[in-house]
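The structure follows.
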Amino acid sequence: MHLQHTLLTLLTLYHSTAALLAFPGAEGFGANAVGGRGGEVYVVTNLDDSGTGSLRDAVSSTDRIVVFAIGGVINIEDRIVVSKRVSVLGQTAPGDGITVYGNGWSFSNANDAIVRYLRIRMGRGGDSGKDGITIAEGSNMIFDHVSVSWGRDETFSISGTGENITVQNTIIAQGLERHSCGGLMQTDGGVSLFRNLYIDNKTRNPKVKGVNEFTNNLVYNWGGGGGYIAGDSSGQSYANIIGNYFISGPSTTVTAFTRGNANFHGYVENNYYDPDQDGTLNGSELGPSSSNYGGMEIIESKYAYPAVENLMTPDEVVSYVTENVGASLVRDSVDTRLIEEVLSYGAEGALISDEETMGGPGDLDGGTAFTDTDGDGIPDDAEAELGTDPNVNDSMGLHSSGYTYLEVWANSLVSESYSV
Ligand SMILES: *[C@@H]1O[C@H](CO)[C@@H](O)[C@H](O)[C@H]1NC(C)=O
Ligand SMILES: *[C@@H]1O[C@H](CO)[C@@H](O)[C@H](O)[C@H]1NC(C)=O
Ligand SMILES: *[C@@H]1O[C@H](CO)[C@@H](O)[C@H](O)[C@H]1NC(C)=O
Ligand SMILES: CC(=O)N[C@H]1CO[C@H](CO)[C@@H](O)[C@@H]1O
């Protein structure tokens with residue numbers, strides 16, 4: 001009887017955990033990623049490339065919520081490979097937050113990843129033929145307020161058997177020449193792209209195949225390879241494309257949508273295109289004809305994919321994205337410049353082949369670590385407010401909301417609803 005009751009309690013707990021959003025404001029196919037909830041806390045305490053207290057070490061084992069007691073640029077030599085059930089909560093870093101520079105990251109098979117407020121800048125020194133962020137397989141992942149740039153192959157790419165993945169409020173920028181790619185988003189397992197900025201990539205902004213929702217994104221200064229590339233293959237694609245703004249820049253020589261065919265089935269609604277590169281934001285709606293959408297098959301009803309809670313108009317998207325997207329608690333020099341390009345409404349922007357053009361990753365203020373007597377990741381003064389004990393390692397306990405106390409604290413540092 002007693003055992004049965006315990007089991008029932010456990011099952012109920014499991015159930016409520018499974019239905020919980022990754023964090024308040026998580027949306028789309030990856031909204032229910034669990035991350036390291038139920039595992040251990042790992043506090044990153046240095047900017048080293050490896051070893052105890054480093055970010056690489058933090059993500060190398062499963063079941064961890066990773067928080068930061070230091071801000072700054074982490075220079076990496078080899079690619080970082082992320083284990084299953086890991087949360088990387090960059091918003092907890094003091095100072096100007098965290099940039100990881102020098103190579104890219106693999107989230108292949110890193111099921112249940114939650115990644116927030118992190119800058120990932122690959123650069124010329126990274127592995128040739130590799131991406132800024134790669135996901136070739138794996139499920140239930142969400143990337144929120146990430147800035148990823150300077151991929152040598154793609155910048156952010158999801159392919160293969162990836163399933164239930166969201167990329168939201170994220171900057172995907174400046175894939176390095178000559179490939180200069182935003183990235184592939186091609187999987188049948190479902191990818192949501194919400195409120196992102198694709199900027200200064202020659203091609204694949206993104207290239208979509210399979211099951212995909214592309215809503216409230218801003219695409220700026222794509223190059224001759226293409227803005228949104230619709231499938232371009234014999235595989236079948238089923239996509240919603242809603243409320244996006246496409247703004248041509250100095251590098252743009254082709255229309256917003258290209259390379260579609262009858263295998264690409266798209267539901268389209270209220271997408272704006274400003275082609276004239278004249279410094280004024282005055283685009284107009286792309287009528288729902290196949291020719292405006294690169295030749296894809298336009299379908300009448302929306303696919304029943306997990307949608308955004310607050311659908312914005314394209315004009316609202318421009319305001320929202322320029323104010324909020326990327327690791328925006330503190331904008332670094334790179335993101336600041338990218339946003340200035342957008343706000344030139346067509347006059348500024350360039351494809352680059354070398355990050356030196358951007359001044360590299362820039363300098364970041366490391367900030368001051370908060371006092372955390374028990375080393376459980378939550379600052380002493382916040383423990384007092386949360387009702388946890390500043391002298392006991394108790395941050396992974398479950399709050400009544402279903403989140404760990406550590407997540408409740410981390411979530412409280414950033415805004416949770418995405419509307420204007
Ligand atoms: C992806 O999400 C769908 C819908 O919630 C679910 O049925 C499916 O099992 C999920 N896939 C994985 C691998 O979790
Ligand atoms: C947008 O504004 C520019 C400059 O004011 C003007 O030259 C252009 O014709 C306008 N475009 C549209 C579509 O109204
Ligand atoms: C706190 O406990 C976790 C286990 O949940 C452990 O991994 C971690 O090292 C502990 N931290 C400290 C500072 O004792
Ligand atoms: C269109 C465009 O600006 N493409 C650029 C994308 O970024 C790479 C690297 O930053 C440039 O080399 C491309 O020219």
Side-chain angles (χ1 to χ4, degrees), residues 172 180-188 191-278 280-305 307-308 311-318 321 342 345-346 349 351:
I172 299 170
S180 187
C181 285
L184 304 172
M185 290 290 162
Q186 47 183 47
T187 166
D188 295 333
V191 173
S192 303
L193 300 166
F194 295 159
R195 300 176 302 271
N196 302 297
L197 170 63
Y198 275 91
I199 177 166
D200 292 347
N201 300 285
K202 184 169 60 186
T203 186
R204 302 183 174 172
N205 293 281
K207 182 178 179 187
V208 171
K209 227 192 291 186
V211 171
N212 191 282
E213 167 125 359
F214 192 74
T215 293
N216 284 160
N217 299 282
L218 173 52
V219 183
Y220 184 80
N221 192 39
W222 60 97
Y228 186 109
I229 297 178
D232 178 32
S233 77
S234 55
Q236 299 289 314
S237 296
Y238 310 93
N240 290 329
I241 304 167
I242 302 168
N244 302 286
Y245 215 130
F246 291 79
I247 305 174
S248 298
S251 317
T252 307
T253 53
V254 296
T255 53
F257 288 84
T258 52
R259 287 156 69 177
N261 61 34
N263 296 326
F264 194 101
H265 316 287
Y267 172 80
V268 303
E269 180 187 318
N270 204 26
N271 296 297
Y272 269 54
Y273 178 31
D274 184 349
D276 52 22
Q277 304 160 15
D278 61 0
T280 308
L281 183 68
N282 59 359
S284 53
E285 187 178 347
L286 281 171
S289 69
S290 178
S291 58
N292 279 341
Y293 284 91
M296 70 176 70
E297 184 205 31
I298 304 295
I299 62 154
E300 291 300 314
S301 53
K302 206 187 290 190
Y303 293 107
Y305 300 155
V308 293
L311 181 63
M312 298 178 202
T313 66
D315 277 326
E316 288 170 340
V317 167
V318 175
V321 162
V342 175
Y345 299 133
L351 303 188

Short side-chain to backbone donor-acceptor contact, N221 and S251, under 3.5 Å: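 Present.
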Plane angle bin for F214 and Y198 - parallel if under 30°, tilted between 30 and 60°, otherwise perpendicular: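 Y198 and F214: tilted rings.
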Within-4.5 Å side-chain heavy-atom neighbours: N270 and P314: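 A side-chain contact under 4.5 Å exists here.
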Minimal non-hydrogen separation, W222 against I247, with atom names: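 The answer is CZ3-O, 3.4 Å.
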N292 (side chain) donor-acceptor with L286 (main chain) under 3.5 angstrom: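 Absent.
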Under 3.5 Å donor-acceptor, N271 side chain and I241 backbone: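 Confirmed, N271 side chain pairs with I241 backbone.
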Note, V318 side chain near Y272 side chain (heavy atom, < 4.5 Å):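 No, their side chains stay 4.5 Å or more apart.
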Ring geometry between Y228 and F246 (parallel below 30°, tilted from 30 to 60°, perpendicular above 60°):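 Perpendicular: the ring planes of F246 and Y228 meet at over 60°.
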Identified side chain to side chain donor-acceptor pair (under 3.5 Å) partner of N244 from the options N216, N217, T215, N196: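 The residue from N216, N217, T215, N196 that satisfies side chain to side chain donor-acceptor pair (under 3.5 Å) with N244 turns out to be N217.
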Minimum side-chain heavy-atom gap V321-V342 below 4.5 Å: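 Result no, sub-4.5 Å side-chain heavy-atom pair not found.
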Heavy-atom side-chain proximity of F257 to Y273 below 4.5 angstrom: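 No, side chains not in contact.
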N240 (side chain) donor-acceptor with Y303 (main chain) under 3.5 angstrom: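 Yes, the answer is positive, given that a donor and an acceptor are paired below the 3.5 Å cut-off.
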Check: Y220 side chain, G346 main-chain N or O, donor-acceptor pair, under 3.5 Å: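 Indeed, once roles are kept as given, a pair shorter than 3.5 Å links the two residues.
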Shortest non-hydrogen contact from D274 toward T280: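 Of all heavy-atom pairs spanning D274 and T280, the closest is OD2-O, 2.9 Å.
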Under 3.5 Å: donor-acceptor pair, side chain of S290, backbone of M296: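 Between the backbone of M296 and the side chain of S290 there is a qualifying donor-acceptor contact (under 3.5 Å).
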Side-chain heavy atoms of F264 within contact of R259, under 4.5 Å: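 No - every pair of side-chain heavy atoms lies 4.5 Å or more apart.
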